[in-house]
Amino acid sequence: MLEEKVQKNFLEEIIENDLKEGKVKAIQTRFPPEPNGYLHIGHAKSICINFGLAQKYGGKTNLRFDDTNPVKEDTEYVDSIKEDIKWLGFNWAIERYASDYFEQLYQWAIELIKKGKAYVDDQTNEEIRLNRGTVTSPGKDSPYRNRSIEENLQLFEQMREGKFADGEKTLRAKIDMAHPNMNMRDPIMYRIIHTSHHRTGDKWCIYPMYDYAHGESDSIENITHSICTLEFDIHRPLYDWFIEQLGIFPSHQYEFARLNITNTVMSKRKLLQLVKEGYVKGWDDPRMPTICGLRRRGYTPESIRNFCEDIGVAKRDNLIDYSRLEGSLRDDLNKRADRVMGVLHPIKLIIDNCPDDFVDELEAVNNPEDESKGTRKITFSNTLYIEADDFMEDAPKKYFRLTPGQEVRLRYAYIVKCTHCDKDENGNVIAVHCTYDPASRGGNATDGRKIKGTIHWVNAKDCVNAEVRLFDRLFDAEIPDKVEEGKTFLDNLNPNSLTVLKNCKMEKAVIGAEHLKKYQFERLGYFSVDYDSTKDYLVFNRTCTLKDSWAKQK
RNA sequence: UGUCCUAUGGUGUAAUGGUAACACAACUGAUUUUGGUUCAGUCAUUCAUAGUUCGAAUCUAUGUAGGACAACCA
């Protein structure tokens, strides 16, 4: 893990080559989110690639908001995006907005009109669509395609001045209506939108389209490597065309395959729908694949970065198993999370040969992976809580926990031997009885006998209550979007993705833990303190379970 | 019925004409006061066919499969 990675991905290959051949002196990348939603794990991959590459090769990365569509964008999203990038551990060189370049873009549009490379079209939305043709048949020229330069100039100026209603006119690049690539069939450069913009207010009523704004913004910022996802591959000829016609700094676009993860959806539109229609409790619901959701769930920035590094970068479609993300998380938290004992489904364990006034204080290790984390004291009495499934009246032979006649070790405490259990009138186990071996203090048998099982516990006499939220996959289906006719991804929602336990028992060490503090509850998993947690009412999110080879064996 | 992209173990990613490698998962076994961690071991005739070559995962051709593209979205 520490050794230098020798395998280079195709982007590193390209960059090293450009640097070696002197095509660029230093690399400059950018991360270009549209402020119309919250960032998700797929964006994290893009962020890691863009910032990571620049870091690795001594270049810089700009943050540029692609805010060319005022009807969808909002400052709420700008703020969350910046917060998430910082939280992931990256710093941008400069913060820019495509809207910063509206005037320059406008001037360049005039330049293209003057060169006879752009024209104002009066066709309606419908007409434009019809005349564009299809992927298998060519389009038809607009009747307005051959207007004079003077007329185009005048009309375009009037568009800017607000002389026309939304949709009445567009500015189009004059390329080729029969081009096999649909993007080259006289793409729209500007449309009229009389909507106030989150940054420019009502200064503009014409807004540039992505294809025109993006490459030109890259060029203005001297972006050397403009890295995006595969679906923009087909836009590259247009990206290059604008830059070439304008004769400006030649940024180049490179495409990689976007991240897909099992049992989750990654489209901003669908995530927005989940939030708006109340299927989750917000953008930062711990079941969401958003950065803020993962953060609240208990993920660390390191684990997300390691995950993105692990999955690599290439151009073929991929589907990463969700457990891979959990693997990166466990890897990180195993080294860093303090251990603590907590019981999710408590039942009483009564030690019959232990006096009622018996009090003992034992020493527990905070993190076996990190000695510097030290130890803490835990208290012990004759009445404890243990996990309900750590007792079975009729147990299979390989069950190493409590069952009548069997000995187990109470972690850091004593060896106990199960004797019997109490049941209510319905036959449910309500308490387990045992005797303890006073000589085994700390957990070691004096006669050297082997104890197979060790279970966690808390002292019923001084533990604290806590709420614990358990999460399961938000979607049952591996690919939620793969649905039969007439169904949607919503039909694949897992109705049991959230379980709230309100009667959990924790050792006192967790009192006062700040939000987002991470623990490993021994034998159970990793847990993070939720934002809803207060001094008087503890709330934990289970980030993920520990690997459980016993569950598989069963 | 077009153009473009892609195809290597269960999942990802390497191998840049010269012995198919690494990680994760899975499965064995060892260690273990977390059924965790850790350690050791096992797990592929590179989508198909034909060709070029002393030699092909890599180059060529033809298929096949998957994906993208017909928003005044990005």
Side-chain angles (χ1 to χ4, degrees), chain A residues 1 5-9 13 32-34 36 66-69 71-73 98 121 123-125 128-130 132-139 166-172 179-185 187-193 206-207 209-211 213-214 228-237 255 257 262 268-269 310-321 323-324 327-328 330-331 334-335 339 341 364-365 368-369 398-401 408-413 415 442-445 451-456 520-525 545-554:
Chain A
M1 206 168 298
K5 196 182 75 170
V6 285
Q7 299 180 348
K8 285 193 282 266
N9 66 49
E13 211 67 71
E34 183 188 12
N36 68 343
D66 233 329
D67 55 350
T68 57
N69 186 358
V71 310
K72 287 189 179 173
E73 295 147 8
D121 195 354
Q123 290 183 109
T124 62
N125 192 340
I128 288 178
R129 188 158 50 77
L130 257 27
R132 185 152 32 222
T134 70
V135 287
T136 53
S137 62
D166 286 9
E168 211 176 317
K169 286 184 165 43
T170 57
L171 183 73
R172 294 233 256 165
H179 199 105
N181 182 340
M182 299 288 292
N183 291 295
M184 299 297 271
R185 319 244 260 230
I188 291 167
M189 291 171 62
Y190 273 92
R191 75 285 214 199
I192 299 167
I193 306 175
I206 55 170
Y207 291 92
M209 296 283 288
Y210 167 85
D211 282 307
H214 197 91
C228 61
T229 45
L230 244 33
E231 63 267 30
F232 291 100
D233 171 284
I234 203 156
H235 294 246
R236 183 159 21 90
E255 311 86 17
T262 56
K268 275 201 263 184
R269 204 203 91 234
D310 260 16
I311 56 174
V313 184
K315 295 193 76 152
R316 67 189 89 108
D317 292 328
N318 59 82
L319 178 62
I320 310 285
D321 201 291
S323 62
R324 190 85 178 238
S328 297
R330 289 193 187 104
D331 209 44
N334 176 48
K335 289 175 283 193
R339 271 59 167 175
M341 289 201 283
V365 173
E369 307 292 316
K398 299 263 261 182
Y399 186 79
F400 303 145
R401 311 174 193 181
V408 304
R409 172 165 38 235
L410 296 174
R411 180 137 229 225
Y412 298 124
I415 294 167
N444 292 306
I451 306 297
K452 276 296 261 186
T454 300
I455 65 172
H456 61 278
Q520 184 197 102
F521 292 4
E522 297 227 20
R523 301 208 305 137
L524 296 177
T545 61
L546 254 29
K547 270 200 237 166
D548 188 354
S549 47
W550 165 245
K552 262 179 280 187
Q553 201 177 123
K554 285 191 292 187

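Quick note on labels: first sequence line is chain A, next is B, and so on, each numbered from 1. Because the structure is predicted, anything quoted here is derived from the model rather than measured.
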In whole angstrom, give the distance that lies between atom CG of A/D310 and atom P of B/C24. 8 Å
If you measure from the C1' atom in B/U64 to the same atom in B/A50, how many Å do you get, rounded? 15 Å
List the protein contact pattern of nucleotides 1-6 of chain B with one symbol per nucleotide (5' to 3'): B for base contact, S for sugar-phosphate-only contact, - for none; contact means a heavy-atom distance under 4.0 Å. SBSSSS
Separation of A/I311 atom CD1 from B/U13 atom C1', in whole Å? 10 Å
Euclidean distance for C1', B/G9 against B/C24 (whole angstrom): 12 Å
Calculate the interatomic distance between A/H235 atom NE2 and B/C73 atom C1'; express it in whole Å. 10 Å
Distance between C1' atoms of B/G17 and B/G55 (Å, rounded): 8 Å
Measure from CG on A/L130 to P on B/A70 and round the result to the nearest Å. 15 Å
Same-atom distance (C1') from B/A25 to B/U19, integer angstrom: 27 Å
d(CZ, A/R185; C1', B/A71) in whole Å: 15 Å
In whole angstroms, the gap separating P of B/C73 from CG of A/D166 amounts to 10 Å
In whole angstrom, what separates A/D321's CG from B/A23's C1'? 14 Å
Distances for protein N or O near nucleotides 36-41 of chain B N or O, under 3.5 Å:
unit_1, atom_1, unit_2, atom_2, d
B/G36, OP1, A/S549, OG, 2.9
B/G36, N2, A/E369, OE2, 2.9
B/U37, OP1, A/K547, NZ, 3.1
B/U37, O2', A/N334, ND2, 3.4
B/U37, O2', A/E369, OE1, 3.3
B/U37, O2', A/E369, OE2, 3.3

If you only use heavy atoms from C-beta on, which nucleotide in B/C69, B/G12, B/C73 is closest to the side chain of A/N69? B/C73
Between A/D66 and A/I455, the residue closer to the 5' end of RNA chain B by nearest nucleotide is A/I455
Taking only N and O in the side chain of A/R191, is any of them less than 4.0 Å away from OP1 or OP2 of B/C73? yes
Judged by atom type as modelled, is there a donor-acceptor pair below 3.5 Å linking the side chain of A/D66 to the main-chain atoms of A/A98? no
B/U8 and B/A65, which share atom name C1', separated by this distance in whole Å: 15 Å
Are A/K552 and B/A26 close enough that a side-chain N or O sits under 4.0 Å from OP1 or OP2? yes
Sorted by position of nearest nucleotide on RNA chain B, 5' first, the leading residue of A/L410 and A/G327 is A/G327
Please classify the nucleic acid contact of A/E34 as base, sugar-phosphate, or nothing, using heavy-atom distances under 4.0 Å. sugar-phosphate
Got A/I455 and A/L410 here, is their nearest side-chain heavy-atom distance under 4.5 Å? yes
Secondary-structure string, 5' to 3', Watson-Crick or G-U under 3.5 Å, | for another-strand partners, for RNA chain B: .((((((..((((....[..)))).(((((.......)))))....(((((..]....))))))))))).....
Are any non-hydrogen side-chain atoms of A/K452 and A/K398 less than 4.5 angstrom apart? no
Under 5.5 Å and under 30°: A/W550 stacked on B/G35: yes
Considering only B/A70, B/A14, B/G12, which nucleotide approaches the side chain of A/R132 most closely? B/A70
Return the value, rounded to whole Å, for the distance between atom CD1 of A/I192 and atom P of B/C73. 12 Å
Which value, in whole Å, describes the distance between the C1' atoms of nucleotides B/U31 and B/U37? 11 Å
